[in-house]
There are 2 protein chains.
Amino acid sequence: MEEGSTRTRRADAERNRRRLLDAATEMFCERGLDVGVAEIAQRAGVGRGTLFRNFPTKEQLIAAIVVDRMSESVARGRAALESSDPGEALFWLLDQAVGLALSDRALFAAIGDEYLANEEIRTAHAELLEMLEELVRRAQAAGAVRDDVSAVDVLMMLKGVSEVIKSFQHVAPDAAMRQLDLVRAALTPRPGAPPLRGRRPTVDDLAEAGPVSPNCRPA
Amino acid sequence: MEEGSTRTRRADAERNRRRLLDAATEMFCERGLDVGVAEIAQRAGVGRGTLFRNFPTKEQLIAAIVVDRMSESVARGRAALESSDPGEALFWLLDQAVGLALSDRALFAAIGDEYLANEEIRTAHAELLEMLEELVRRAQAAGAVRDDVSAVDVLMMLKGVSEVIKSFQHVAPDAAMRQLDLVRAALTPRPGAPPLRGRRPTVDDLAEAGPVSPNCRPA
DNA sequence: ACCTGAACACCGTTCAAGT
DNA sequence: ACCTGAACACCGTTCAAGT
């Protein structure tokens with residue numbers, strides 16, 4: 001019965017973990033990222049210590065939620081890969097992603113900045129990029145997207161729009177739609193347009209992420 | 001001599017204020033926004049209490065610095081208004097602004113989100129928008145920018161790029177240049193292109209800012 | 001094994017006491 | 001008038017004691 005008892009134990013622990021994730025997701029959404037861990041633990045019906053047993057740090061609790069959300073996006077994107085119109089598929093995904101950012105504002109606030117240093121988030125990020133790369137490649141083959149952009153360029157535009165609509169909540173979602181239209185205009189091939197400057201950023205460029213250090217303007 | 005003595009007092013206080021701002025700017029740049037107020041006060045050579053006499057809150061200290069930076073941008077933009085090529089003037093300003101965001105990352109992190117609720121920042125923001133509006137109008141009159149975008153649309157794109165390069169530090173500044181090229185492509189008029197959806201966001205739409213509340217996805 | 005909550009460390013903010 | 005630093009409140013994190 002040793003295995004059985006272990007499984008029972010695990011079930012308890014697993015249930016606590018889920019409860020914590022659910023409580024945290026809900027409270028972060030309702031009141032932003034600075035709700036206290038004490039309150040989260042209380043809402044989940046466990047002690048503070050249990051929270052820190054599952055997520056050694058508040059940041060890692062947030063990361064776990066963000067990873068969940070990103071996985072959903074990747075799944076949606078993989079589905080879009082089946083589409084017969086790759087251009088529309090790409091722009092549809094961008095719409096979806098921005099919609100997600102609109103509805104989970106607090107969480108997306110966390111993705112930026114230092115959180116990229118987080119191991120789990122980086123893994124999820126890599127998966128997302130891989131999918132996006134394929135989607136962009138097909139859209140380019142179909143002539144719906146200019147050839148000189150890379151998936152990283154597209155991801156940056158997407159993230160830019162996602163971030164900015166957080167700060168312009170009062171004009172969104174109308175403005176978000178317009179920003180997406182502008183992204184589309186930027187990505188649409190145009191004969192005779194000047195090519196993008198610089199080197200196409202690749203996935204590998206991102207791999208060497210590491211924590212971002214603040215910096216100063218030169219004196 | 002009462003006035004004289006008051007002025008002497010004020011000079012002391014003013015000097016302390018400047019020292020605090022300088023110390024804070026430097027330390028935020030070097031080590032990010034979470035340096036402690038105690039350390040800032042120490043570096044400025046004053047007591048903690050003096051810091052809070054000048055800036056009732058750490059947030060307001062940050063806001064004061066941000067306002068300084070925004071004023072610089074506005075000044076630059078006003079200068080650009082004199083240019084004989086309004087289109088180039090606009091794109092030049094966007095380049096400058098993104099460069100600023102690149103070199104003062106920590107500070108721009110603060111501009112977003114809740115900080116828009118800050119009174120001083122909103123005033124500076126309004127000035128910036130007024131200037132940008134004039135710049136966009138002239139660029140449109142010169143045929144360098146599509147007619148269906150508003151200054152708010154442009155500001156949002158600018159802010160989007162500024163935000164996103166913070167998170168992609170390792171591919172910047174090359175990627176930043178490319179993002180600016182894409183913004184330019186999006187703004188350049190193109191015959192036969194579909195117009196932007198929705199209503200053109202105006203300055204007044206932003207006026208009713210207020211603190212942003214976090215929100216949830218519908219169940 | 002896993003859980004709990006008292007205790008700790010840290011940091012923004014206040015305020016009584018100085019000059 | 002302005003400054004100072006001890007004291008307070010708050011919150012993330014740890015850990016000895018329970019089951």
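Quantities reported herein were computed from a predicted structural model and do not represent experimental measurements. Note: hydrogens, waters and symmetry copies are ignored here, and every other heavy atom, side chains too, is used. Each chain gets a letter, A, B and so on, in the order its sequence line appears, and its residues count up from 1.
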Take nucleotides 7-12 of chain D nucleotide by nucleotide from the 5' end and write B, S or -, depending on whether a protein heavy atom sits under 4.0 Å from the base, only from the sugar-phosphate, or from neither.
-----S
Identify, with sequence neighbours excluded, every residue that meets side chain to side chain contact (heavy atoms under 4.5 Å, CB included) alongside A/Q60.
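Side chain to side chain contact (heavy atoms under 4.5 Å, CB included) check on A/Q60 returns A/P56, A/T57, A/N118.
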Just jot down the side chain to side chain contact (heavy atoms under 4.5 Å, CB included) partners of A/A89, sequence neighbours excluded, or say none.
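Checked A/A89 against side chain to side chain contact (heavy atoms under 4.5 Å, CB included); matches are A/A80, A/S83, A/L135.
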Write down the distance between [atom1] ([X]) and [atom2] ([N]), rounded to a whole number of angstrom.
X: A/Q42; N: C/dT4; atom1: CD; atom2: P; result: 12 Å
X: B/L51; N: D/dT4; atom1: CG; atom2: P; result: 11 Å
X: B/D12; N: C/dT19; atom1: CG; atom2: P; result: 17 Å
X: B/L61; N: C/dT13; atom1: CG; atom2: P; result: 10 Å
X: B/N54; N: D/dC2; atom1: CG; atom2: P; result: 10 Å
X: B/R15; N: D/dC2; atom1: CZ; atom2: P; result: 14 Å
X: B/R17; N: D/dC2; atom1: CZ; atom2: P; result: 13 Å

Residue pairs meeting side-chain hydrogen bond (donor to acceptor under 3.5 Å, both in side chains), one or both in residues 91-101 of chain B, sequence neighbours left out, come to B/R76-B/Q96
Below 3.5 Å, can you tabulate the donor-acceptor pairs from side chains in residues 33-54 of chain B to any protein atom, sequence neighbours excluded?
{"unit_1": "B/E39", "atom_1": "OE1", "unit_2": "B/R31", "atom_2": "NH2", "d": "3.1"}
{"unit_1": "B/E39", "atom_1": "OE2", "unit_2": "B/R31", "atom_2": "NH1", "d": "3.0"}
{"unit_1": "B/E39", "atom_1": "OE2", "unit_2": "B/R31", "atom_2": "NH2", "d": "3.3"}
{"unit_1": "B/R43", "atom_1": "NH2", "unit_2": "B/E26", "atom_2": "OE2", "d": "3.2"}
{"unit_1": "B/N54", "atom_1": "ND2", "unit_2": "B/T50", "atom_2": "O", "d": "3.0"}

One thing to verify: whether A/D181 and B/R197 come together as a salt bridge, which I'm taking to mean a side-chain N less than 4.0 angstrom from a carboxylate O.
yes
Results of salt bridge (Lys or Arg N to Asp or Glu O under 4.0 Å) for [X] - residues two or more places apart only:
X: B/R18; value: B/D22
X: A/R78; value: none
X: B/R15; value: none

Heavy-atom count around A/E130 CD within 6.0 Å, excluding the residue itself: above 12?
no
May I ask you to evaluate whether B/N16 reaches the phosphate of D/dC2, defined as a side-chain N or O under 4.0 Å from OP1 or OP2?
no
For DNA chain C, list all stems, counting runs of three or more consecutive pairs where every pair is Watson-Crick or G-U wobble with both distances under 3.5 Å.
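For DNA chain C the paired stretches long enough to count as stems (3 pairs minimum) are C:4-8 with D:12-16, C:12-16 with D:4-8.
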